Participant: 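One structure, as structure tokens, below. Some questions next.
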Amino acid sequence: MQGRNTVEEVLRLSAERGYTIFYRNGEDRNVLSDIVVAHPTSIAMIRTWPYVLIMDTTHIDQNVLARLTEMVKDEEVTQRFVNGSWRKLINELDEVEYQRKLEVLKTRWQTRPDFLHYLFSTSLNPFAHKFCRVWTSQC
């Protein structure tokens with residue numbers, strides 16, 4: 001890797017192979033906060049059909065799972081949350097039901113305001129309309 005760290009090497013190899021890369025550093029500039037790497041074929045398809053975009057929310061689920069596991073130290077609890085309340089919320093097709101499920105989630109997790117803050121500040125407030133089915137199914 002010739003003196004490069006793992007992230008630098010991934011970025012170098014991706015660029016070398018023609019991938020489109022977008023990344024941001026965290027506030028301290030020494031931590032990678034976001035990264036998107038897109039294959040050239042994917043970019044060509046988006047340019048060909050710009051009105052059709054399927055978003056893979058796997059990274060969101062993994063981040064929620066990792067953060068909750070870190071906070072509650074119980075993987076069974078986090079798996080139940082991600083496969084239960086979280087999955088039902090993000091796959092809801094009706095906006096009224098989405099809001100109801102959101103309130104249930106808030107009530108069930110009110111004893112963990114740190115987790116709720118994380119969930120709302122990183123996923124639900126800024127991006128819910130981009131990955132929750134209630135909005136994406138209207139496109």
Side-chain angles (χ1 to χ4, degrees):
M1 292 194 321
Q2 300 174 353
R4 289 181 289 275
N5 65 36
T6 305
V7 173
E8 291 168 335
E9 184 68 3
V10 167
L11 294 173
R12 185 191 71 78
L13 290 171
S14 298
E16 183 179 282
R17 288 168 173 81
Y19 283 74
T20 297
I21 305 161
F22 168 80
Y23 65 93
R24 291 188 299 193
N25 291 330
E27 290 179 15
D28 66 1
R29 310 297 299 165
N30 200 21
V31 176
L32 184 67
S33 64
D34 304 288
I35 185 168
V36 175
V37 180
H39 190 274
T41 302
S42 298
I43 299 296
M45 290 172 66
I46 288 173
R47 288 184 176 141
T48 302
W49 300 291
Y51 50 87
V52 177
L53 177 63
I54 298 171
M55 179 179 268
D56 177 7
T57 61
T58 305
H59 69 287
I60 295 170
D61 293 346
Q62 289 174 344
N63 288 346
V64 168
L65 180 65
R67 185 60 178 236
L68 183 56
T69 300
E70 178 185 301
M71 289 179 171
V72 299
K73 309 284 192 250
D74 187 336
E75 195 167 335
E76 185 179 325
V77 169
T78 58
Q79 287 290 344
R80 272 199 324 264
F81 172 79
V82 169
N83 294 321
S85 301
W86 178 251
R87 185 85 47 236
K88 289 175 186 174
L89 178 70
I90 66 173
N91 286 320
E92 182 55 59
L93 294 172
D94 179 78
E95 194 166 351
V96 172
E97 273 301 299
Y98 173 87
Q99 294 299 332
R100 189 188 67 74
K101 287 177 180 168
L102 189 61
E103 290 304 315
V104 168
L105 186 147
K106 286 180 190 176
T107 301
R108 286 185 181 160
W109 287 89
Q110 66 186 347
T111 59
R112 293 309 306 247
D114 54 342
F115 176 66
L116 287 177
H117 174 75
Y118 165 79
L119 197 63
F120 281 85
S121 65
T122 62
S123 299
L124 293 176
N125 287 345
F127 302 115
H129 65 284
K130 294 183 179 181
F131 71 91
C132 290
R133 290 188 65 198
V134 66
W135 293 284
T136 59
S137 66
Q138 297 173 12
C139 298

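Keep in mind that this is a model prediction, so the values were computed, not measured.
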Participant: Could you please spell out the steps behind the salt bridge (charged side-chain N to carboxylate O under 4.0 Å, His left out) verdict for R12 and E9?
Facilitator: CA-CA 5 Å; R12 185 191 71 78; E9 184 68 3; 2.9 Å; yes
Participant: Within the structure provided, determine whether L89 and L124 are in side-chain contact (heavy-atom separation under 4.5 Å).
Facilitator: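 Yes; the side chains approach each other to less than 4.5 Å.
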Participant: If you define the side chain from C-beta out and look only at heavy atoms, does anything of V10 sit under 4.5 Å from Y23?
Facilitator: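 Side-chain contact under 4.5 Å: no.
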Participant: Please report the shortest heavy-atom distance between S14 and I21, naming the atom on each side.
Facilitator: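 That would be CB-CD1, 3.6 Å.
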Participant: Can you confirm whether more than 12 heavy atoms, excluding those of E16, are under 6.0 Å from its CD atom?
Facilitator: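 Counting other residues, nucleotides and ligands, CD of E16 exceeds 12 neighbours.
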Participant: Between V104 and F115, is there a shared hydrophobic cluster once you connect ILVMFWY residues whose side-chain heavy atoms come closer than 4.5 Å?
Facilitator: no
Participant: Looking only at atom types and distance, does a side-chain atom of E8 sit under 3.5 Å from a main-chain N or O of N5, one as donor and one as acceptor?
Facilitator: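 Answer holds: yes.
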Participant: Nearest 0.5 Å, what's the CG-OG1 distance between L102 and T107?
Facilitator: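 Those atoms lie 9.5 Å apart.
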Participant: Check whether any side-chain heavy atom of I35 sits under 4.5 Å from a side-chain heavy atom of L11, and report yes or no.
Facilitator: yes
Participant: Check whether M71 and V82 end up in the same hydrophobic cluster, where Ile, Leu, Val, Met, Phe, Trp and Tyr are linked by side-chain heavy atoms less than 4.5 Å apart.
Facilitator: yes
Participant: Pick from T78, T122, L119, I90: which one makes a side chain to side chain contact (heavy atoms under 4.5 Å, CB included) with V64?
Facilitator: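 Testing each of T78, T122, L119, I90 against V64, the sole residue satisfying side chain to side chain contact (heavy atoms under 4.5 Å, CB included) is L119.
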Participant: Within a strict 4.5 Å, meaning less than it, do heavy atoms of the K88 and E92 side chains meet?
Facilitator: no
Participant: So F81 and L105, do their side chains get closer than 4.5 Å, heavy atoms only?
Facilitator: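 Yes, close enough: below the 4.5 Å cut-off.
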Participant: Just so I know, are the side chains of L65 and Q79 near enough to count as touching, which here means a heavy-atom distance under 4.5 Å?
Facilitator: yes
Participant: Check the surroundings of atom CZ in R108: do more than 12 heavy atoms from other residues, nucleotides or ligands lie under 6.0 Å from it?
Facilitator: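 Atom CZ in R108 is not crowded, with 12 or fewer foreign heavy atoms closer than 6.0 Å.
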Participant: Mind checking the CG-NZ spacing from L68 to K73? Nearest 0.5 Å is all I need.
Facilitator: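 Going from the CG atom of L68 to the NZ atom of K73 covers 10.5 Å.
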Participant: Would one find more than 12 heavy atoms of other residues, nucleotides or ligands at under 6.0 Å from atom CD of E97?
Facilitator: yes
Participant: Closest approach of G18 and P40, non-hydrogen atoms and distance?
Facilitator: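 Taking every non-hydrogen atom into account, O-CG, 3.1 Å.
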Participant: CG/N91 to NZ/K101 distance, rounded to the nearest 0.5 angstrom?
Facilitator: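 Here the interatomic distance stands at 9.0 Å.
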Participant: Compare every heavy atom of P126 with every heavy atom of H129, then report the nearest pair and how far apart it is.
Facilitator: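 Shortest heavy-atom separation between H129 and P126 comes out as CE1-O, 3.4 Å.
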Participant: Taking C-beta and beyond as the side chain, do K106 and F120 meet within less than 4.5 Å on heavy atoms?
Facilitator: yes
